Amino acid sequence: ALHYNADYHKRPTGLSDEARMKQLLTAVRAGAAAIDMQGYTFEEDMDNALNGCGELFVRARPKQVTMRKETIAKQCELINEVHSLGAQVVLSTHTGCMMTAEEAVSLAQTLEKRGADVVKIIAKAEKEEDVAECFRTVIALKKVLKTKFTYHLEGKVGKLTRIVAPMLGSYMAFCFEHYTESSNFEQCHLKTLADAFRTLQWRN
């Protein structure tokens with residue numbers, strides 16, 4: 001279950017983070033296996049959310065992540081509550097920028113400490129060379145993270161990474177069983193992705 005504060009037509013709903021998380025907890029009680037919680041959840045001042053942080057990833061100035069201790073504590077509390085209900089948490093960050101492998105590893109290791117079951121980072125492709133950097137990042141993450149992770153690039157250039165990254169160690173692939181007018185067309189059609197895996201006969 002996910003709630004990115006927008007409806008199916010991408011119009012903002014204007015809910016507070018507390019209200020959004022309450023709805024996700026309702027989804028868990030109704031049987032959802034996991035929730036997707038963004039790395040900035042509960043942060044009230046995103047302009048200053050990275051102030052004073054010396055981690056390597058900060059130089060890329062990614063969006064959707066906070067390093068404020070009080071906010072992180074609230075995130076950890078929610079993660080623990082979801083776990084107590086028997087579900088899992090995907091902690092996600094759409095960075096809005098391209099990152100080097102070293103920066104992405106730094107961010108992933110920082111998010112991993114919050115106790116989620118899957119660390120999800122989506123960087124933004126800016127040029128074709130970014131695809132190679134994405135694959136280098138996935139290989140690096142596989143070596144150092146103890147937590148499951150998913151990493152790929154958004155943007156037209158990044159579509160290939162949605163197919164290849166899971167072959168290199170990324171835990172999840174995001175697909176549509178069928179497309180509608182509100183679909184994210186960067187995401188692969190489920191059958192197309194399955195056919196690609198079968199054709200390549202790839203095994204991790």
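Heavy atoms only: backbone and side chains are in, while hydrogens, waters and symmetry mates are out. Keep in mind the model is a prediction, meaning the values are calculated, not measured.
Between L25 and R29, the closest side-chain pair of non-hydrogen atoms falls below 4.5 Å. At a threshold of 4.5 Å between non-hydrogen side-chain atoms, the residues T100 and E133 count as touching. For the pair K148 and D117, the minimum side-chain heavy-atom distance is 4.5 Å or more. In this structure the side chain of P62 reaches within 4.5 angstrom of the side chain of L50, judged on heavy atoms. In this structure, Q38 and S92 have side chains that are in contact, with non-hydrogen atoms separated by less than 4.5 Å. Residues T137 and I121 are not in side-chain contact: their nearest non-hydrogen atoms beyond the backbone lie 4.5 Å or more apart. For the pair L153/M98, a side-chain contact is recorded, criterion being any heavy-atom separation below 4.5 Å from C-beta on.
Considering only residues two or more places apart in sequence or on other chains, E18 meets the side chain to side chain donor-acceptor pair (under 3.5 Å) condition with K74.
Salt bridge absent: E103 and R61 never bring a charged side-chain N and a carboxylate O closer than 4.0 Å.
Under the 30°/60° scheme for interplanar angles, the aromatic rings of H189 and Y179 are found to be tilted.
There is a path of hydrophobic side-chain contacts, each under 4.5 Å, that joins V105 to V131.
Between the side chains of Q75 and T41, no donor-acceptor pair is found at a separation under 3.5 Å. In the model, D36 has a side-chain atom that pairs as donor or acceptor with a side-chain atom of Y4 under 3.5 Å.
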